[in-house]
Amino acid sequence: MDLLKSLNPQQRQAVSAPSGQVLVLAGPGSGKTRVLTHRIAFLVAERGVPPRGIMAVTFTNKAAREMGQRVRGLLGNTGDWRPISLGTFHALAARLLRAEAEHLPVGRDFVIFDESDQQALMRQVVKDLQLDPKQHPPNRFRRAISSAKNELVEVEDYPSTSYFDELVRRTYARYQQFLVANNALDFDDLLFWLVRLLREHPPIRQKYRERFRHILVDEFQDTNSAQYNMLRLLAGEETDLFVVGDPDQSIYRWRGADYRNVQRFQRDYPEAQVILLEENYRSTQRILDAAMAVIDRLPGRRRKALFTRRGAGHPLLLHEAYDEADEAEFVVQTIRRLAREGQASPGQVAVMYRTNAQSRALEEAFLRANMPYRLVGAQRFYGRREVKDLIAYLRLVHNPRDQVSLLRILNVPPRGIGAKTVEALLNAASTLHLSAGELVLALQGGMPAELNGPLGRRALRALDAFGRQLNAWREAARSQPLVALIDRILADTGLRAYLEDGTEEGQERWANVLELRRVAEEFSELGLETFLEHVALISDQDTLSDQQEAPTLLTLHAAKGLEFQVVIITGLDDGLLPHQRSFDDPEAMAEERRLFYVGLTRAMDRIILVRCFRRRLFGRDEPATPSRFLHDLPSALLEGELLSLGAGQARAMDTLTRWDATPASGAPAARFRAGMRVLHRKFGEGIVMESRVEQDDEEVTIAFQSVGLKRLAASMAGLEILDDHAGGPTES
DNA sequence: ATCACAATACTTTTT
DNA sequence: GTATTGTGAT
């Protein structure tokens, strides 16, 4: 039949495999997405499976959307079409949990806490338990609890084998209490609670087993323990389970993903059919050879012989730049050149990097060259303060028990509710056994004694006014479309005037608010709850628009599942890729290697690798050495000046060690020198340890008798020179 | 209560 | 280089 005609024998075998358990181990570019979409279409068209009975789980929402479109394309839009359930584990869990909310400690209107909400909550926990946040960074607890949840470890089961673990145990318990009080679940809870629900309520489990007779999972190597357990619970004897993955592309271990789920699957389902896809339809052979040279150094894996019929192709190009700016400039020029020579249009080029911070230099170069670009990264938008603020308003309207959101916006823009007032409010709320949000809502002119006592008239009036607004918004949420609610909030709070402070930045902030409003317009029919869920579960990849004819800038992680004609990987320095934080952990180093492998295998025709001698890290220039992964690439596959001890390296060393006494022209001469005795109006007397001339100021490090070492900006500090015993010019 | 500036601490990757 | 917290002045 038509569906199978365009496939190779292995793909065909997978697509038409009998219902049961199927594990497809697919190399990069082997058409695994095609296999999945064809399998779904095959089930519907050939086996007569109702689309409603199919659950397909992808890694990102974008992948889910695309898969839906592709399946629709294969089936044609005729007939009585009902949408297939497609989604990510988190979106799926959120949906099922809302449907079964009576079994949860939170209401069906729960909100989803993202990482920054989790952090805010954890700060409250640490404060509540009277721990010193300096000594016990809330973030460490957050992380420990997150991995515990991913491993399905309950609070009671958390080991207390060390002092730290004991603290985690305590914070974990309190953190969960706080979440419930906020009527909120965090990312990890979504999975954890669903597993619990399915485990403890056989009727519910049975219901979904009957509903979803076919479950398909993409990117199976990046599932974590909770997800795997969820899968096992959802799949009964009768379920057709079809998972696709590539252990070599597992890059989310740090988030709890465990590629050993692939082995676990084979152990748990010994009958499962295993199908291998090795033929590559994406890359040229040189690219595959390079990728294999990198990945084959990993021990204990099943080797894949990747091959293609696309021919040898171009060698990989290696370039060493001087610094980040130079690196970025090279990237821009290369894209220009490729376009000029007709090799690749800019829209077919991807620029990849290990850390988000690296995008800055690149963006600057693109802006300077007046070249448009697409930046993948939801953080950039949804992480912005003003965007988060507006979302917090909406969340509070939807769920007044959300204290994290309440505290976030209670005084933004300033409305006369300061720290004292907040404290009194929280105390009163806990005495009255209400959430702070509910208390504010209940005020309506009548003040309980708990607030009347400690607070002055002005503060009471401010709280009351806010309560009235919040009530009005809740009414608007019930009766009016989402955008009307947003407009009402914006008008009532005067957010625009607050944001637009006359600076360019202020304009941009307001523009971001409008952009969020525009996104909300698309959710007018779906409503507030769906909108909030969307913004909570949105992924980086989701922000990649596919229309523009511009190069794509993205992290290597975000590149998973994508392909480009030309891939430029920047920052191939040791410490960046592999990242320094992975050095002492072999498993983490293996993951860095797989990450590089993922980047390489995104390319269809060309790979360009770039690194630089000096890199700005921590705001300071540091020398960099070439990535150790570069040494694994056979030189036969490479083109361009060789790394390490080439002429360039010698030049760099020279630059690094040369004594340069003459300050750059235009820079002010240093006023302070090591050894000087100086007087500071607050810190008193001290001795200058070091002085560095910055852009148009001087950064002085001074040892004070009173407070020890301080680093100050000379122009701000108001230093008085007592005497000048300095020996000579100080240079770092 | 609010602002402005200064010091501090932290940046791997993200659903 | 950035986000958040802390401090002193108004």
Side-chain angles (χ1 to χ4, degrees), chain A residues 57-64 87-94 112-116 118-120 123 133-134 137-140 143 146 150 186-191 219 222-224 226-227 250-257 324 352-358 360-361 376-379 382-385 411-422 456 458-459 462 501 533 536-543 554-560 571 575-583 585 588 591-592 594-595 598-599 616-620 681-683 707 709-713 715-717:
Chain A
V57 186
T58 55
F59 194 70
T60 64
N61 292 315
K62 178 165 187 271
T88 60
F89 277 108
H90 287 85
L92 179 79
I112 300 168
F113 272 10
D114 69 12
E115 194 180 306
S116 69
Q118 289 175 45
Q119 262 183 55
R123 272 196 288 273
K134 291 239 158 75
N139 221 350
R140 281 183 55 198
R143 231 175 269 193
S146 173
N150 282 331
D186 65 20
F187 278 136
D188 310 307
D189 277 338
L190 290 174
L191 305 174
E219 308 285 9
D222 281 322
T223 50
N224 64 29
Q227 289 163 337
S250 159
I251 53 176
Y252 283 92
R253 191 186 80 107
W254 49 273
R255 212 170 73 188
E324 280 180 312
M352 301 178 188
Y353 36 81
R354 176 68 233 268
T355 66
N356 280 309
Q358 290 169 257
R360 171 169 302 275
V376 180
Q379 301 291 71
Y382 286 94
R384 293 208 120 97
R385 202 176 62 215
N411 203 29
V412 177
R415 49 171 74 92
I417 305 178
K420 279 267 162 54
T421 315
V422 170
R458 224 174 40 199
D501 52 1
E533 189 160 308
L537 296 178
I538 196 159
S539 80
D540 259 16
Q541 281 91 334
D542 292 332
T543 59
L554 74 182
T555 63
L556 287 160
H557 281 90
K560 183 163 89 156
L576 254 189
L577 184 68
H579 198 275
Q580 196 156 359
R581 302 225 5 179
S582 304
F583 279 177
D585 178 358
E591 182 141 313
E592 298 285 323
R594 291 194 293 266
L595 196 53
V598 166
R616 236 178 138 70
L617 275 176
F618 263 116
R620 240 169 237 252
R681 64 192 147 85
K682 197 165 110 223
F683 301 137
V707 289
L709 226 54
K710 289 274 169 200
R711 190 139 58 213
L712 307 167
S715 66
M716 297 294 186

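In what follows, chains carry the letters A, B, and so on, assigned in the order in which the sequence lines appear, proteins first and then strands, with residues in each chain numbered from 1. Hydrogens, waters and symmetry mates play no part in the numbers below; they use all other heavy atoms, side chains included.
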Just checking [X]: base, sugar-phosphate only, or nothing, at a heavy-atom cut-off of under 4.0 Å?
X        : result
A:Asn139 : sugar-phosphate
A:Asp114 : nothing
A:Glu115 : base
A:Arg594 : nothing

[N] [atom2] sits how many Å from [X] [atom1], rounded?
X        : N      : atom1 : atom2 : result
A:Lys560 : B:dT14 : NZ    : P     : 12 Å
A:Arg581 : B:dT13 : CZ    : P     : 10 Å
A:Asn224 : B:dT14 : CG    : P     : 17 Å
A:Gln118 : B:dT14 : CD    : C1'   : 11 Å
A:Leu537 : B:dT14 : CG    : P     : 16 Å
A:Asp585 : B:dT13 : CG    : C1'   : 14 Å
A:Ile251 : B:dT15 : CD1   : P     : 11 Å
A:Phe113 : B:dT15 : CZ    : P     : 19 Å

request  = Please list, chain by chain and in numerical order, all residues satisfying side chain to side chain donor-acceptor pair (under 3.5 Å) with A:Asp186, sequence neighbours excluded.
outcome  =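 Applying side chain to side chain donor-acceptor pair (under 3.5 Å) to A:Asp186 gives A:Lys149, A:Tyr175.
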
task = Report the residues that fulfil side chain to side chain donor-acceptor pair (under 3.5 Å) with A:Thr355, sequence neighbours left out, ordered by chain and then residue number.
result =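 Partners of A:Thr355 under the side chain to side chain donor-acceptor pair (under 3.5 Å) test: A:Gln358.
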
Measure from the side chain of [X], starting at C-beta and using heavy atoms only, and say which of [options] lies closest.
X        : options               : value
A:Ala558 : B:dT14, B:dT2, B:dT15 : B:dT14
A:Arg123 : B:dA1, B:dT2, C:dT5   : C:dT5
A:Arg143 : B:dT11, B:dT15, B:dA1 : B:dT11
A:His557 : B:dT14, B:dA1, B:dC3  : B:dT14

message = In terms of relative ring orientation, are A:Phe59 and A:Tyr252 parallel, tilted or perpendicular, with 30° and 60° separating the classes?
response = tilted

inquiry  = With rounding to the closest Å, how many angstrom separate the P atoms on C:dT4 and B:dT13?
reply    =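 Per the computed distance, 16 Å lies between those P atoms.
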
Give a yes/no answer on whether the side chain of [X] brings an N or O atom under 4.0 Å of OP1 or OP2 in [N].
X        : N      : answer
A:Arg360 : C:dT2  : yes
A:Asn356 : B:dT13 : yes
A:Thr60  : B:dT15 : no

inquiry  = When you compare the ring of A:Trp254 with the six-membered ring of B:dT13's base, are the centres less than 5.5 Å apart and the planes under 30° from each other?
reply    =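 Yes; by the centre-distance and plane-angle rule, A:Trp254 counts as stacking on B:dT13.
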
Strictly distance-based, threshold 3.5 Å: is any side-chain N or O of [X] a donor or acceptor partner for the main-chain N or O of [Y]?
X        : Y        : value
A:Asp222 : A:Ile251 : yes
A:Asn411 : A:Ile417 : yes
A:Asn150 : A:Arg255 : yes

